[in-house]
Amino acid sequence: MSNKYIITLYTLPALLLLLVLIYVPIALSGYYGLMDWTGIGQMQFIGLENYANLMKDEKFWASAGHSFLLGIFSVLSLLLYLAVSLVLVSKIKGSDFFRKIYLIPMLLSSVAIAQLWLKIFDPSNGMLNKLLEMFGVENTPVWLADPNTALYAIFVPIVWQYAGFYILIYYAALKNVPEEIIEAARIDGATPLQIALKIKLPMISAVFKVTIMLSLVGSLKYFDLIYVMTGGGPNGASEVMASYMYKEAFELNNFGYASAVGFGLLVICLAMTWLTSRLTKSNDNVQY
Amino acid sequence: MKKKAFTAAASLALLSGLVLGGCSSSSDTSTSEGNGSGGDKTVVKMMHLWPEGSAKAQYTIVNDIIETYEKENPDIDIQTEILANEQYKEKIKVLSASNELPDLGITWAAGYMQPFVEGNMFAPLDDVLDGGLKEQFVPGTLEAFQTDSKTYGLPLELNIAPIYYNKEIFKKHNLEVPKTYDEFLNVVKTLKDNDVTPITVGNKDRWTGSMWYMYLADRIGGPETLNNAINRTGSFEDPALVKAGEELKKLVDMDAFVKGYNGFSNDEAKGYFMNEQAAMYMMGTWELPNYTTSPDVAQEFKDKVGYFKFPAYEGGKGNIDSFVGGPGVGLFVSEASKVKDETKEFVSYLVDEWGKRSVTEAGVIPATKVDTANTELAQMYIDILNDLGNASNITLYADVQMSARVADVHLNQIQALYGGEISPKEFVKAQEEALAAEEK
C-alpha cells in the first residue's frame, strides 16, 4: 500500500465534511441567487436579476458600510489588545489574574452578552446612564434607540467580547519570543519600551497579520449581537450585511435575493482576505 | 504494513460512521406509518403548536375534542404531531417544500399564509363555512384568512388592543380615564409634569408602535381610510393619515413614550408597566392573563390594572368602539390531503368546540362569538368580550394586511417617525410609494 493512498484516506473525512457542509452550500446559495424563490413552492429562474438588484440596493450598501466600519473598529482595537498583552507578559504583579479576567467575556455566549449589555444600555434603569446621571449629565443619550448612536453602542460589546481571544493569542505569541534575545537586548542597554516595540513586536508580526485577517473577516460577517440587541434598527441604523441577509430570507420570504446577498457577502469577504494578505505581505520572515 | 492497514480500516470506519450518522438523523419521527395502527379507520393527520409542557390548557382542549370526536365517529382516527412555535414554523416550511403537509394544521393570517396559498398548498374552506358556521365568527376575523374572496383558514384566536393603565398612578395624580383625545393629552401632560413615564412602548419590535399610529388613523380618518390606502382604493397620502402622523409626532415631542422606546423590545417595554414605572401600555388582549389569572403576577398588581378604549378624536370620523386587532392562529386544510372531506368535517367541529371552551379554560379569546352569560370569567375578560360584542369595527394590524415587503417599509417608517428622523409628510409618502410600486 503506498503512502499516497493513506494520505488521501486521512484527509478524506475532513475533505468530505468540508465539501458537504461548506462548499456545496456555497455553490447552492450562488445558484439560488439566480432564482425568484419564496422558500416555499416553486423556484423561478430569473438569471442575474438578483445580483443586478444587489449592485444598486442602497440598503445593502448601507449595511455593507456598517460592516466595514465594524471591521475598522475591530482592527483598531487589536492595537489595544496588543498593548494589554505587552503589559501582561512583562512580569507585573497579578498578570495571571488579569489574563483570566480578560478571558471571561469569551466564555459567555453571545446572547448572554447581548442581554447583559441591553441592561447596561437601558436609558432609564441602565448602569451606564445611572452613572452618567451621577456625574450630573442631563439628557443622557438613549444609546440603542438613537440611530446616531446605536451602531457605535453595539461596537462596544462586540469589541469587548473578543478581547480575551486576541489577548490570549498575543500573550501566547509573546511568551514564545526567546528569552535570550530579550536578555541580549537588555545587556545592550535597551529600555523596556524599546524591547517591546523593536524586539517583541517584530517577532510576532506574523501572528499580528493573522489576527488582522481574522478580525476583519469576522467583523464583515458579524451577526449575533446585532440581531439580538437591535435587530438592525432603529430604521436600519445598525443593519449589517449578515442581518440584512437574514431579514430578506426569513422575514421577507425572499430566499432568492437573500442567497444573492449571502453570495455577495462571501465575495466581499474573499476580496478583503486577499487584500489584507497582499497589504501585510513582507519578506522578512523572522527566524528565531 | 499491518499497522497501516489497521489505520486505514479505522479511518474508513470513522468515515462511514460520519456518513451514516448524517443520514440517520434525517429519518422522520412523525407518524408516517399511521395506517397500520388504525386498521380500516380513516387517518387524519393533524399538526399543532401547543405542547403539553408550555401550553397545557390549549393542549388539553384539543386533546379532549379529538377524543370526543373519535368516540362519535369510530371510523376516524386523528393523529397529532405537536411542535413548539418556532419548530412548528420550520417544519411546516420544510413539509410544504416537499408537498407533504399534514391534512390539518395551524397557520397565521395574511402575509404568512400568502406563499402557501399561491403555491396551492391550502384548500379553500368556503364550503365548510356555509351552513351556519360563518355567522358564528366575529365580523372581520375571517377576512384576514381570505385571498381573492376565498377563505383558506379558520381563525381560532382573536385579539384587540386596548390601553391598559395603572389605576393607582392615575388616582395619585387625580386622573380620570380619558374619553376624548384632548383629555388623553391632558393625562399625558399631567403625568409628565409629575415625572411619571406616561406610556411604555417597545418600538424595537415596530408593530407595537404601529398600533398607536393605527388607532390615531382610525379615530381621525375612520376605519376605511387606512384600509383603503392599503388595498389601493385610496391613497396613503390622505390628509387624515398625515394628520395621524402629526398627532403621533406631537406625542413623541411631549415625551409621552418611555425613554429609549426605539431600543426596547416589547417585553422590555412591558417591564416598565409591570414594575409600575409607566402608567399606560397598549397591547393585545393576549396580555389579559397577566392582569387576571396568571399565577406568576402578584395579585396586588393585578388589582391595580384597568383598561380603556382608545379615546375618541374630536372632529374625527372614527368612533370609540372601533378596535385595532386581529385573529391569531387559524386552521388550514391541506390541498393535497387524500381525506379532505373527513378533515373538513372535523375542522368545523373543532372550531365550534374550541369556541365554547378556549376562553374559560385557556384564557384565549376565540374568533367565534362567546356567550358570557353562563361562564365564570375574570371581570376584565367579561368586559373585553362585551366590548368585542359591541365593536363597530376591527381593523387588522397594518403590517399583517400588507405584503411582507410593504410591511417592512411601513414598520421602518414607524420607527423613523417615532425617532423624529422624518416628517409626517415624508412618512406617508414613503409608504404610498411602496404600496404603489407593488401595485404595478
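Letters A, B, ... are given to chains in the order of the sequence lines, protein chains preceding strands, and every chain is numbered from 1.
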key: Parallel, tilted or perpendicular, as decided by the 30° and 60° cut-offs, for the rings of B:W212 and B:F257   = perpendicular
note = In terms of heavy-atom pairs under 4.5 Å with chain B, the winner among A:N129, A:N254, A:D122 is A:D122
task = Could you tell me which portion of A:K59 (side chain, backbone, both or neither) has an atom closer than 4.5 angstrom to a non-hydrogen atom of chain B?
result = side chain
key: Structural part of A:E248 lying under 4.5 Å from a heavy atom of chain B   = side chain
task = Using the six-membered ring of B:W108, assess whether NZ or CZ of B:K89 lies under 6.0 Å from its centre and within 45 degrees of the ring axis.
result = yes
task = Verify side-chain hydrogen bond (donor to acceptor under 3.5 Å, both in side chains) between A:Y257 and A:D57, making sure each step is shown before the conclusion.
result = CA-CA 11 Å; A:Y257 188 65; A:D57 183 349; 2.6 Å; yes
ask   = Is any side-chain heavy atom of A:P141 closer than 4.5 Å to a side-chain heavy atom of A:L132?
value = yes
query = Hey, does B:M282 have a side-chain heavy atom less than 4.5 Å from the side chain of B:V201?
reply = no
query = Listed by residue number, which members of residues 399-417 of chain B have a heavy atom under 4.5 Å from any heavy atom of chain A?
reply = B:A404, B:R405, B:D408, B:N412, B:Q415, B:A416
key: Contacting moiety of B:K204, where chain A heavy atoms sit under 4.5 Å   = side chain
request  = For the pair B:F145 and B:Y152, evaluate ring-ring contact (aromatic ring centres under 6.0 Å, His included) and give the outcome as yes or no after the intermediate values.
outcome  = CA-CA 6 Å; B:F145 287 88; B:Y152 291 94; over 10 Å; no
query = Tell me, side chain or backbone of A:D146 under 4.5 Å from chain B's heavy atoms, or both, or neither?
reply = neither
task = Report the relative orientation of the aromatic rings in B:Y213 and B:F427; use parallel for angles under 30°, tilted for 30 to 60°, perpendicular for over 60°.
result = perpendicular
Side-chain heavy atoms of B:F273 within contact of B:F301, under 4.5 Å = yes
query = Of the listed residues (A:V20, A:T230, A:L144), which shares the most heavy-atom pairs with chain B below a 4.5 Å separation?
reply = A:T230
remark   = Per-residue tally against chain A (heavy atom, under 4.5 Å) across B:K259, B:M121, B:Q277, B:E268 peaks at B:K259
Partner set under salt bridge (charged side-chain N to carboxylate O under 4.0 Å, His left out) for B:E276, not counting sequence neighbours = B:K304
ask   = Top residue by heavy-atom pair count (under 4.5 Å) with chain A, among B:F116, B:Y272, B:F264?
value = B:Y272
remark   = Note: vs chain B, highest number of non-hydrogen pairs under 4.5 angstrom among A:V142, A:L252, A:T140, A:N235 is A:N235
query = Considering only heavy atoms, which portion of A:P147 lies under 4.5 Å from any heavy atom of chain B: side chain, backbone, both, or neither?
reply = side chain
Side-chain heavy atoms of A:M241 within contact of A:F60, under 4.5 Å = yes
ask   = Is any side-chain heavy atom of A:P157 less than 4.5 Å from a side-chain heavy atom of A:F121?
value = yes
